[in-house]
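Both backbone and side-chain heavy atoms feed into the values below; hydrogens, waters and symmetry mates do not.
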Amino acid sequence: MMLRRKLYLGALLGAILFLMIAAHTIQKASVVPITDLPTHHDVRLPMKNQTPLQTVITEPRRGHSCSCPSCIADKGVSEWFDQRYDHKQQPYLTGRDNDIDLLSLKWWLSLQSSDGMIKDVTQKMYKIISPPPEDEMPRQNQCQKCAVVGNSGNLLRSKYGALIDSHSVVIRMNKAVTVGFEEDVGNQTTHHFMYPESAIDLRPGVHLVLLPFKLKDMQWLSSALSTGEIKMTYMRVKNLVEADKDKVIVVNPAFFKYTHDKWTERHGRYPSTGMVAIMFALHLCDEVSVFGYGADKQGNWHHYWEYNRNAGAFRKTGVHNADFETEIIQRLNKEGKIKLYR
């Protein structure tokens, strides 16, 4: 009897000891040093139909078309904007045969008298300048912040210069002067809109953006960057322009008509350079800030570098409708699609 009890106690102690050793082993095996844990850079989220070699790219926040806090192309923010904005519109010519639809071409050619065939003119033009490269970066992976800088006298004493220069893209236009006005308007430029009658020389690295109002404007561009043979349009023009030939952009006449139909709603004969520049930015950028548009605080329309209070006025020419364009710009600001600085 005593022997049987000793054998039973020995077996029980052995079982307890075995369980203690096993538990210790399991606990030890489950503890992994912190240095061996995967970091967030190493994590690959599983995707449906994903092969082992695929890399998962982090998607933008749901409902956003870019990586900015708010994106111009986001739908559902403004019904008014969504009714007008067409993300399929190509802002610039690419050199392809289907750049311009026939209806837009007919409207554009009717604006001012033009001689020649559009195909012949563009083919010659793209022998002088380089076609724009295709943008392969998805908008979802970028946040391009742009400043469109007009020439209004309301920029004087604004001290917006540093803010303007902080944008990745800075668009200016026509005879815009920066020297001596840097504190108010900045000195950085990435894209400069012009046409023959408003042409100036550009610094290296700046995109010359031609806004053609007629076929001869494209002919002038080819000439101004090569032979300089065209010295006259309907007035004497700068026959040679300093600019990088591989950074030239030509606004698509179809985009010009789209701006006229959808945004300025056919007020005036055609939109102003300033209006097209804003529309161009809305299709190029993810966030747009607008400076130097409209009258100054005294209600005068003039350029910030001129003392003549009547200089640059176009409100009553009948070509553009400045009052309606101002309404559209203010509405874009109200709808949160641009940020308007006054």
Side-chain angles (χ1 to χ4, degrees), residues 89-97 99-132 151 171-176 189 191-202 206-260 264 268-280 283-284 312 314 317-320:
Q89 286 292 326
Q90 175 57 263
Y92 45 80
L93 292 177
T94 64
R96 294 191 291 266
D97 290 338
D99 265 341
I100 315 171
D101 62 278
L102 291 177
L103 190 63
S104 297
L105 180 60
K106 184 178 179 181
W107 171 83
W108 179 71
L109 290 173
S110 72
L111 295 180
Q112 298 185 32
S113 60
S114 297
D115 296 321
M117 299 292 291
I118 181 75
K119 188 174 182 179
D120 296 337
V121 172
T122 54
Q123 282 181 347
K124 182 177 180 180
M125 183 175 70
Y126 282 114
K127 289 180 181 177
I128 305 296
I129 67 172
S130 303
N151 296 327
I171 298 172
R172 302 186 194 271
M173 59 205 74
N174 299 331
K175 302 281 188 181
T189 306
H191 295 69
H192 198 116
F193 274 70
M194 67 176 71
Y195 47 90
E197 295 79 18
S198 70
I200 62 171
D201 292 330
L202 300 180
V206 177
H207 291 81
L208 188 163
V209 184
L210 177 74
L211 179 54
F213 293 93
K214 53 190 178 297
L215 199 56
K216 193 162 189 177
D217 291 352
M218 294 185 190
Q219 295 170 324
W220 166 84
L221 178 67
S222 301
S223 170
L225 295 173
S226 57
T227 62
E229 62 195 64
I230 296 180
K231 301 177 175 63
M232 203 71 188
T233 55
Y234 59 82
M235 60 179 284
R236 187 160 187 86
V237 294
K238 188 174 174 61
N239 66 308
L240 288 170
V241 170
E242 292 181 17
D244 292 348
K245 294 179 184 179
D246 62 341
K247 291 188 177 296
V248 177
I249 296 171
V250 180
V251 175
N252 192 332
F255 188 79
F256 201 8
K257 187 175 188 299
Y258 155 71
T259 303
H260 183 58
T264 56
R269 284 193 60 219
Y270 46 82
S272 67
T273 304
M275 193 69 203
V276 177
I278 290 178
M279 291 303 121
F280 185 91
H283 285 263
L284 178 73
F314 62 87
T317 64
V319 176
H320 313 301

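In this structure, Pro253 and Met218 have side chains that are in contact, with non-hydrogen atoms separated by less than 4.5 Å. At a threshold of 4.5 Å between non-hydrogen side-chain atoms, the residues His283 and Tyr258 count as touching. Counting heavy atoms from C-beta on, the side chains of Val251 and Phe193 come closer than 4.5 Å. By the 4.5 Å heavy-atom criterion applied to side chains, Leu225 and Leu221 are counted as neighbours. At least one side-chain heavy atom of Ile200 sits under 4.5 Å from a side-chain heavy atom of Met194.
Each of Tyr195, Trp108, Trp220 was checked for a side chain to side chain contact (heavy atoms under 4.5 Å, CB included) with Pro212, and the lone residue meeting it is Trp108. If you run side chain to side chain contact (heavy atoms under 4.5 Å, CB included) between His191 and each of Val209, Val206, Leu208, only Val209 comes through.
The main-chain N or O of Ile100 is never found under 3.5 Å from a side-chain atom of Ser104 such that the two would form a donor-acceptor pair. Asp246 places no side-chain N or O within donor-acceptor distance of the main-chain N or O of Ser130, the cut-off being under 3.5 Å. A donor-acceptor pair under 3.5 Å links the side-chain atoms of His192 to the main chain of Asn174, judged by distance alone. Under a 3.5 Å cut-off, the side chain of Asn239 and the backbone N or O of Lys231 do not form any donor-acceptor pair. With Ser223 contributing its side chain and Ile230 its backbone, the two residues share a donor-acceptor pair below 3.5 Å. At least one donor-acceptor pair closer than 3.5 Å links the side chain of Lys216 to the backbone N or O of Met232. Checked by atom type and distance alone, the side chain of Asp99 never pairs as donor or acceptor with a backbone atom of Asn252 at under 3.5 Å.
The local environment of NZ in Lys238 is crowded, with over 12 non-hydrogen atoms from other residues, nucleotides or ligands closer than 6.0 Å. Around NZ of Lys106, the count of heavy atoms belonging to other residues, nucleotides or ligands within 6.0 Å does not exceed 12.
Remark: Glu242 pairs with no residue by the salt bridge (charged side-chain N to carboxylate O under 4.0 Å, His left out) rule, at least two apart or across chains. Residues satisfying the salt bridge (charged side-chain N to carboxylate O under 4.0 Å, His left out) criterion with Arg236, sequence neighbours excluded, are absent altogether.
From Leu215, atom CG reaches atom CD of Gln112 across 11.5 Å, with rounding to the nearest 0.5 Å. Distance check: Glu229 CD to Ser222 OG gives 9.0 Å after rounding to the nearest 0.5 Å. In this structure, the separation between CE on Met275 and CG on Leu211 is 13.0 Å, given to the nearest 0.5 Å. Put simply, OG1 on Thr122 and CD on Gln219 are 10.5 Å apart, with the number rounded to the nearest 0.5 Å. Rounded to the nearest 0.5 Å, atoms NZ (Lys245) and NZ (Lys127) are 14.0 Å apart. Rounded to the nearest 0.5 angstrom, Leu111 CG and Lys214 NZ are separated by 10.5 Å.
By the 30° and 60° cut-offs, the orientation of the rings of Phe280 relative to Tyr92 is tilted.
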>> I'd like to know whether Leu93 forms a side chain to side chain contact (heavy atoms under 4.5 Å, CB included) with Tyr126, so could you lay out the CA-CA distance, the side-chain angles of the two residues, the decisive distance to 0.1 Å, and finally the verdict.
In response: CA-CA 10 Å; Leu93 292 177; Tyr126 282 114; 3.3 Å; yes

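Taking the six-membered ring wherever Trp is involved, the centroid distance between the rings of Phe256 and Trp107 falls below 6.0 Å.
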